[in-house]
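Within every chain, numbering begins at 1; the chains are lettered A, B, ... in the order of the sequence lines, protein sequences first and strands thereafter.
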There are 2 protein chains.
Amino acid sequence: MGEAEADRCGPGAAEQASACTVREALDRVGGKWAIGILIAASAGPIRFTELERRVEGISRRMLTLTLRNLERDGLLDRHVHPTVPPKVEYTATPMARELYESLVALTSWAERHREAISEARAAYDSAHGRPPA
Amino acid sequence: MGEAEADRCGPGAAEQASACTVREALDRVGGKWAIGILIAASAGPIRFTELERRVEGISRRMLTLTLRNLERDGLLDRHVHPTVPPKVEYTATPMARELYESLVALTSWAERHREAISEARAAYDSAHGRPPA
DNA sequence: CTGGATCCTATAAGATACTG
DNA sequence: CAGTATCTTATAGGATCCAG
């Protein structure tokens with residue numbers, strides 16, 4: 001996930017820097033599963049298997065990978081209980097909960113315009129040759 | 001870009017639906033270049049070549065592809081002036097401008113925590129075996 | 001239960017060349 | 001100027017199996 005661009009995001013004008021910052025954010029959160037995991041983990045500590053159930057459709061591999069990335073970026077705390085069988089709990093950090101709040105704006109935008117976008121697509125596809133499939 | 005999931009985003013609980021909605025938004029805007037283009041086009045009508053300069057690093061192909069997707073989703077208006085040589089202007093739709101506003105929250109989050117995230121990464125990488133590159 | 005390791009496929013994206 | 005077409009590479013993500 002855009003590792004090389006994370007630290008220095010390239011020189012540029014003000015708008016360039018702005019676009020770059022947004023992309024930095026999306027590079028951390030823009031994966032297919034990161035947001036689902038963050039949402040699930042924002043409600044409180046949650047276990048690996050519980051996440052696997054809540055974030056429907058995720059593979060075990062991607063769950064592990066995404067959890068590691070989020071932990072690495074300081075968005076999730078990982079707490080291992082030294083029991084057998086092992087029990088691991090993930091919790092969103094305060095920083096991540098701030099992000100969660102920010103995402104509400106995006107979410108409500110998507111909800112507000114879901115239909116308009118769908119119609120725009122249909123109009124575009126029928127205006128151009130594409131099959132309605 | 002997640003075409004199959006765009007229309008019906010799968011059944012699920014309330015949090016699932018929320019996560020799904022966010023991902024719907026990111027599926028449209030989460031590409032590598034969409035946001036840069038939207039930002040550049042939110043200031044007013046902008047031409048193809050101008051975009052190519054402003055969104056630094058983008059290839060002509062990706063510019064075209066991303067423009068088509070954004071137009072298809074109703075986020076950009078494309079106006080062709082029937083002149084020679086051709087002149088095409090792209091403008092963010094009102095819906096896209098709303099999105100732009102929403103992204104400010106994300107942007108400011110990324111700016112606020114840029115350093116904390118960088119430190120979290122360094123700490124994680126040194127705690128685990130990874131080379132500091 | 002919580003992963004890690006490996007293999008594989010689909011897709012995003014870059015490079016390059018051509019065109020009305 | 002504003003694209004399209006083709007080729008190629010990099011990477012995300014899925015499937016599966018193994019392990020402490």
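Classification of A:R68 and A:E71 as a salt-bridged pair holds, one side-chain N sitting under 4.0 Å from a carboxylate O.
Distance, B:L76 CG to D:dA2 P: 15 Å, rounded to whole Å. Counting to the nearest Å, the C1' atom of C:dA13 and the CG atom of B:L67 are 15 Å from each other. The distance from atom CD of B:E52 to atom P of D:dG3 is 10 Å, rounded to the nearest whole Å. Counting to the nearest Å, the P atom of D:dA12 and the NZ atom of B:K32 are 11 Å from each other. If you take CD1 of B:I46 and P of D:dC1, they are 14 Å apart, rounded to a whole angstrom. B:M62 places its CE atom 15 Å from the P atom of D:dT11, with the value rounded to the nearest Å. The nearest whole Å value for the distance from the CG atom in A:N69 to the C1' atom in D:dA12 is 11 Å. Rounded to whole Å, atom P of C:dC1 lies 14 Å from atom CG of A:L51.
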Practice item. Treat primed atoms plus P, OP1 and OP2 as sugar-phosphate and everything else as base, then score nucleotides 15-20 of chain D 5' to 3': B for base contact with protein heavy atoms under 4.0 Å, S for sugar-phosphate contact only, - for none. Key: B----B
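The side chain of A:F48 lies closest to C:dG3 when the candidates are C:dC1, D:dG14, C:dG3. For B:W33, taking side-chain heavy atoms from C-beta onward, the closest of the listed nucleotides D:dG3, C:dA13, C:dC1 is C:dA13. Each of D:dG13, D:dA2, C:dC1 was ranked by its minimum atom distance to the side chain of A:P85; first place goes to C:dC1.
Within the model, atoms CD1 of B:I117 and OH of B:Y124 stand 15.5 Å from one another, a figure rounded to the nearest 0.5 Å.
Checking the phosphate oxygens (OP1, OP2) of C:dT2, a side-chain nitrogen or oxygen of A:R47 falls inside 4.0 Å. Between B:Y90 and D:dC1, a side-chain N or O to OP1/OP2 separation shorter than 4.0 Å is absent. Within the structure, a side-chain polar atom (N or O) of B:R78 is placed less than 4.0 Å from OP1 or OP2 of D:dG3.
Residue A:T64 is in sugar-phosphate contact alone, with no base atom involved, counting any heavy-atom pair closer than 4.0 Å across all strands shown.
No donor-acceptor pair closer than 3.5 Å links the side chain of A:R72 to the backbone N or O of B:D125. In terms of modelled atom types and a separation under 3.5 Å, the side chain of B:T66 and the main chain of B:L63 share no donor-acceptor contact.
Under the 30°/60° scheme for interplanar angles, the aromatic rings of A:W109 and A:H113 are found to be tilted.
Residues passing the salt bridge (charged side-chain N to carboxylate O under 4.0 Å, His left out) test with A:R61: none are found, sequence neighbours excluded.
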Quick one: side chains of residues 34-52 of chain A, donor-acceptor pairs under 3.5 Å with protein atoms, not counting sequence neighbours, listed by atom name and distance.
from: A:S42; atom 1: OG; to: A:L38; atom 2: O; distance (Å): 2.7
from: A:E50; atom 1: OE1; to: A:R53; atom 2: NH2; distance (Å): 2.8
from: A:E50; atom 1: OE2; to: A:R54; atom 2: NH1; distance (Å): 3.4
from: A:E52; atom 1: OE1; to: A:R60; atom 2: NH2; distance (Å): 3.3
from: A:E52; atom 1: OE2; to: A:R60; atom 2: NE; distance (Å): 3.1
from: A:E52; atom 1: OE2; to: A:R60; atom 2: NH2; distance (Å): 3.4

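With DNA chain D read from its 5' end, the first of the two nearest nucleotides for A:L65 and B:V88 is the one closest to B:V88.
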